**Student:** 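Sharing a structure with you now.
Not measured: the values here are computed from a predicted model. All values below come from the heavy atoms of this structure, side chains included, with hydrogens, waters and symmetry mates left out. Each chain gets a letter, A, B and so on, in the order its sequence line appears, and its residues count up from 1.
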There are 2 protein chains.
Amino acid sequence: MNIGEIAKRAGVSRSTVSYALSGKRPVSEDTRQKIQRVIDELGYQPNASARALANGRTNTIGLVFPPAGNHYTGMQLDFIGSVTEAAAAYDYDVLLSPSGVDSDRSFQRLLGERRVDGAILMEIRLQDDRLDHLAAVDFPSVAIGRTAHPEGGWWVGLDHTALAAACVHHLADLGHRRIAFVNRPEQLLRAGYESAHRGLDGFTKAAAERGLTVRTYCCGDDAASGLACLERILHDDPATTALVTLNEAALGGLYRGLAQAGRHVPRDFSVTGVVASRWAETVTPQLTAADVPAEQMGRLAVDLLVERLDHPGTPARHHLLAPPISLRASTAPAGTGPADPAPDLGAPTHP
Amino acid sequence: MNIGEIAKRAGVSRSTVSYALSGKRPVSEDTRQKIQRVIDELGYQPNASARALANGRTNTIGLVFPPAGNHYTGMQLDFIGSVTEAAAAYDYDVLLSPSGVDSDRSFQRLLGERRVDGAILMEIRLQDDRLDHLAAVDFPSVAIGRTAHPEGGWWVGLDHTALAAACVHHLADLGHRRIAFVNRPEQLLRAGYESAHRGLDGFTKAAAERGLTVRTYCCGDDAASGLACLERILHDDPATTALVTLNEAALGGLYRGLAQAGRHVPRDFSVTGVVASRWAETVTPQLTAADVPAEQMGRLAVDLLVERLDHPGTPARHHLLAPPISLRASTAPAGTGPADPAPDLGAPTHP
DNA sequence: ATCTGTGGTCGAACCGGTTCGCGTGAAGTG
DNA sequence: CACTTCACGCGAACCGGTTCGACCACAGAT
């Protein structure tokens, strides 16, 4: 079931079969049909490894998606799905690598062993050794996210600074004066995750601009952490009336914490942030948030990578997205509820 | 940067380098060190395609994960993550294929072009043409899920029948007499998805056994559908006091519907089902449910596949899991709330 | 001193494709 | 009619590994 077998049965040489298939040289209609019949009959498909070896391309792209903390987030799922489908449209397959760093065996395999033609990286850090490495060896790649110095790179990113600022302005416009920021886990912040840093920056600057009183928190990527975080927020400043979050996995926990503290959303407390729409719509009341356009980003990343692969030497391109805030039901003007919380609500307990 | 270059610089033949690397024939300590030095110096890594071509194994497994309906579910994410990590531990890479059927280009590439040594399939149907095809050509694969006739196959599955029944018994024990079943989308049921069918079976039989009054519903995989579904449930039978669901993506919508209808969970209405713990813990109150052990299932699937690859001819094995129900906060004895809902609650409206 | 065994190495063949150079015969051109 | 042009097909080399058979040197056995 290899090309030699086909050639033999069709009574031609191996090269003729190859040319009949690729069309890179003319082949008479007669022999082409003869070959095609044999191929259909035997159900022949050329071996991918042999082809890759011969022409130096694997027709595979690598998707590097390190676990964020200990588990994977919903946003990662959206990226994986959209990247895979976009790649399939270009007849590329996608190879997964859970690598967090440059030195991971899996990362080394991708590059060193030339398993993939190019790579898409997720969970970018402001200083990212993987991207540095890739740039140093001039390996075609596209980042979903951007480093501290994205100039001259290929990436598709979200303007977390602007998005977080927009959330602040939205709350400030509604009259909120004391708001909290719920970030990704501390370990990710320390590791330099760009969304965590840029989001925090945007929040802090916009809050200063509007003269707001703020507190910022790190929060684990799960509901229990969200609950605990909300309890800390209300403990630290019971007069807080709103929060902004980047942490979609904690969202359910934040809501639960508010419910347990007797704060009704949005009457007593407004919640907003930067979250994929599927999560924003899951909670009750639905979250007013900047929707992360994950499918679009995945598709754009593949488009960029394919362009880079097809036209080596093209100057670098990128896309910086800043989706608008979708008004749903979790924010409301401040002060419609009690301005000062009842004294016994300061440190809520739970079962 | 190929093996010939290494050989030249080390002053030996290509075959000697190969043997030094693989250890399949003795190589003197001297030459081995000489070779190793050159390799370290040049950072040489053998080309994966060439190696795959020569020894007929790609060291890659395929993960076939069709979109469920139009998008991907959280459970799929958990599988993808755990499969990828388990595979990495065996030094296997994972190739993604979003194929729904046998004839997809991406599926054909995986098999016909021999891109992978084996495959793991998700979203199994009771009659699954992909599995039939794989069995026919004796291609090593493991299913996450089981068909109508799983005998003699390799799979790791969840006992949806028993799990759904356990939910029913749990509710019946609490005194609920009128309960609803919220299934996956109708299109998936029609397509023969095993979880949807076996879950429905288990629910129906157990309900009959306990003499309960039931209604069953299909529901889209998103919050809006969940809300709509709950409205239908209360419209069709306002006396319903509990529901069982397999649909984790609809969960948020179901809760929202209950809230809008003025039914307090769990006082007026109990909710349970078969749902991954990360989702069960996100909603408020947390869901009492049979937790889908997705990470464990992914790991087991990889274990089975690797065993099958390493020892061809081993008799088929499988794992059928039936995790217990985790008691959380969404179920309570029936009848503690109003037995008959207030008349104006029959057909709730929403903004 | 010859035979046998074995550690160590090499050259060549092979995996299954692609591609280059060349040869052929027929058609087109002056 | 000689001369180019081009469609068509073949054989051989190549991609970068692995593996088989053979060879040599030196050890221990007889």
Side-chain angles (χ1 to χ4, degrees), chain A residues 1-39 42-60 91 93 108-117, chain B residues 1-39 42-60 91 93 108-117:
Chain A
M1 49 311 249
N2 58 28
I3 203 175
E5 189 69 16
I6 304 295
K8 198 189 301 174
R9 303 213 188 192
V12 298
S13 74
R14 302 198 308 148
S15 52
T16 302
V17 175
S18 178
Y19 286 125
L21 252 29
S22 70
K24 295 193 178 174
R25 276 197 193 177
V27 171
S28 76
E29 194 51 34
D30 273 13
T31 57
R32 149 166 291 131
Q33 287 186 6
K34 209 161 43 184
I35 291 170
Q36 192 56 53
R37 259 196 303 277
V38 177
I39 286 179
L42 270 66
Y44 165 76
Q45 285 183 265
N47 180 301
S49 302
R51 173 174 282 173
L53 174 58
N55 57 24
R57 304 183 96 247
T58 59
N59 261 274
T60 302
D91 274 350
D93 280 322
Q108 289 301 320
R109 273 208 303 266
L110 279 193
L111 306 191
E113 304 186 356
R114 313 220 74 86
R115 272 175 200 270
V116 299
D117 296 336
Chain B
M1 47 312 248
N2 57 28
I3 204 175
E5 190 69 14
I6 304 295
K8 199 189 304 174
R9 303 211 188 194
V12 298
S13 74
R14 300 199 306 148
S15 50
T16 302
V17 175
S18 178
Y19 287 124
L21 251 28
S22 70
K24 295 193 178 174
R25 278 198 193 176
V27 171
S28 76
E29 194 50 33
D30 273 13
T31 57
R32 148 166 291 130
Q33 286 186 8
K34 211 160 42 181
I35 291 171
Q36 192 56 52
R37 260 197 302 278
V38 177
I39 286 179
L42 269 66
Y44 165 77
Q45 285 183 265
N47 180 302
S49 302
R51 172 173 283 174
L53 175 57
N55 57 24
R57 304 184 95 247
T58 59
N59 261 274
T60 303
D91 273 351
D93 280 322
Q108 290 300 321
R109 273 207 303 267
L110 233 51
L111 306 192
E113 304 187 357
R114 314 219 73 86
R115 272 174 200 270
V116 299
D117 297 334

**Student:** Checking all strands, does T31(A) fall into the base, sugar-phosphate, or nothing category for heavy-atom contacts under 4.0 angstrom?
**Tutor:**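 The residue T31(A) makes sugar-phosphate contact but no base contact.
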**Student:** Check every atom of dG7(C), dG16(C), dC20(C) against the side chain of A50(A) and return the nucleotide holding the closest atom.
**Tutor:** dG16(C)
**Student:** Rounded to whole angstrom units, what separation is found between the CZ atom of R51(B) and the P atom of dG17(D)?
**Tutor:** 8 Å
**Student:** Please report the shortest heavy-atom distance between A48(A) and R115(B), naming the atom on each side.
**Tutor:**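 Smallest interatomic distance, heavy atoms only, reads CB-CG, 3.6 Å.
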**Student:** Nearest whole Å is fine: how far is dG16(C) P from R57(A) CZ?
**Tutor:**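 About 23 Å, once rounded to whole Å.
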**Student:** Do any side-chain nitrogens or oxygens of N2(B) fall under 4.0 Å of OP1 or OP2 in dG16(D)?
**Tutor:**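 Looking at the OP1 and OP2 atoms of dG16(D), one of them is under 4.0 Å from a side-chain N or O of N2(B).
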**Student:** Between S49(B) and T58(A), what is the shortest heavy-atom contact and its length?
**Tutor:**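 Distance-wise, the nearest heavy atoms are OG-CG2, 4.0 Å.
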**Student:** Choose from dT9(C), dG17(D), dG17(C) the nucleotide whose nearest atom is closest to any side-chain atom of N47(B).
**Tutor:** dG17(D)
**Student:** Please confirm whether the shortest side-chain N or O distance from K24(A) to OP1 or OP2 of dT19(C) is below 4.0 Å.
**Tutor:**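 Yes, such a contact exists.
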**Student:** How would you label the contact of S28(A) with the nucleic acid (heavy atoms, under 4.0 Å): base, sugar-phosphate, or nothing?
**Tutor:** sugar-phosphate
**Student:** I want to check something: taking the side chain as every heavy atom from C-beta on, are N59(B) and R109(A) in contact at a cut-off of under 4.5 Å?
**Tutor:**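 No - every pair of side-chain heavy atoms lies 4.5 Å or more apart.
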**Student:** For residues N47(A) and R51(A), determine if any side-chain heavy atom of one lies less than 4.5 Å from a side-chain heavy atom of the other.
**Tutor:**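 Not in contact.
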**Student:** When you check the phosphate oxygens OP1 and OP2 of dC10(D), does a side-chain N or O of T16(A) lie under 4.0 Å from one of them?
**Tutor:**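 For dC10(D), OP1 or OP2 has a side-chain N or O of T16(A) closer than 4.0 Å.
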**Student:** dG17(D), OP1 or OP2 - any side-chain N/O from S18(B) closer than 4.0 Å?
**Tutor:**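 So the side chain of S18(B) is outside the cut-off, no N or O lying under 4.0 Å from OP1 or OP2 of dG17(D).
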**Student:** Tell me the interatomic distance from L21(B), atom CG, to dG17(D), atom C1', rounded to whole angstroms.
**Tutor:**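 Interatomic distance, CG of L21(B) to C1' of dG17(D): 11 Å.
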**Student:** Between dA7(D), dC10(D), dC10(C), which one does the side chain of P26(A) approach most closely?
**Tutor:** dA7(D)
**Student:** With sugar-phosphate meaning primed atoms plus P, OP1 and OP2, does S15(A) contact a base, only sugar-phosphate, or nothing at under 4.0 Å between heavy atoms?
**Tutor:**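 Since a base atom lies under 4.0 Å of S15(A), the category is base.
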**Student:** Using heavy-atom distances to pick each residue's nearest nucleotide on DNA chain C, tell me which of S49(A) and S13(B) is more 5'.
**Tutor:**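 Nearer the 5' end of the strand: S13(B).
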**Student:** Between dG7(C) and R25(B), counting only base atoms on the nucleotide and side-chain atoms on the residue, is there a donor-acceptor pair under 3.5 Å?
**Tutor:** no
**Student:** Should R14(A) be listed as having a side-chain N or O under 4.0 Å from OP1 or OP2 of dC10(D)?
**Tutor:** no
**Student:** Would you mind classifying the nucleic acid contact of P46(A) as base, sugar-phosphate or nothing, using non-hydrogen atoms under 4.0 angstrom?
**Tutor:**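 It contacts sugar-phosphate atoms only.
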**Student:** What is the distance, to the nearest angstrom, from the CG atom on D30(B) to the C1' atom on dG7(C)?
**Tutor:**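 To the nearest whole Å, that distance equals 13 Å.
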**Student:** Can you tell me the distance, in whole Å, between the CD1 atom of I35(B) and the P atom of dT9(C)?
**Tutor:** 8 Å
**Student:** In Å, rounded to the nearest 0.5 Å, how long is the span from CG of L110(B) to CD of Q108(B)?
**Tutor:** 9.5 Å
**Student:** Rounded to the nearest Å, what distance is computed from the NZ atom of residue K8(A) to the P atom of nucleotide dC10(D)?
**Tutor:**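 Spelled out: NZ on K8(A) to P on dC10(D) is 15 Å.
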**Student:** To the nearest angstrom, how far is I3(B) atom CD1 from dC10(C) atom P?
**Tutor:**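 Result: 12 Å.
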**Student:** Please confirm whether the shortest side-chain N or O distance from Y44(B) to OP1 or OP2 of dG17(D) is below 4.0 Å.
**Tutor:** yes
**Student:** What's the separation between atom NZ in K8(A) and atom CD in E5(A), rounded to the nearest 0.5 Å?
**Tutor:** 5.0 Å
**Student:** Starting at atom CZ of R32(B), determine the distance to atom C1' of dG7(C), rounded to an integer number of angstrom.
**Tutor:**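 After rounding, the reported distance stands at 13 Å.
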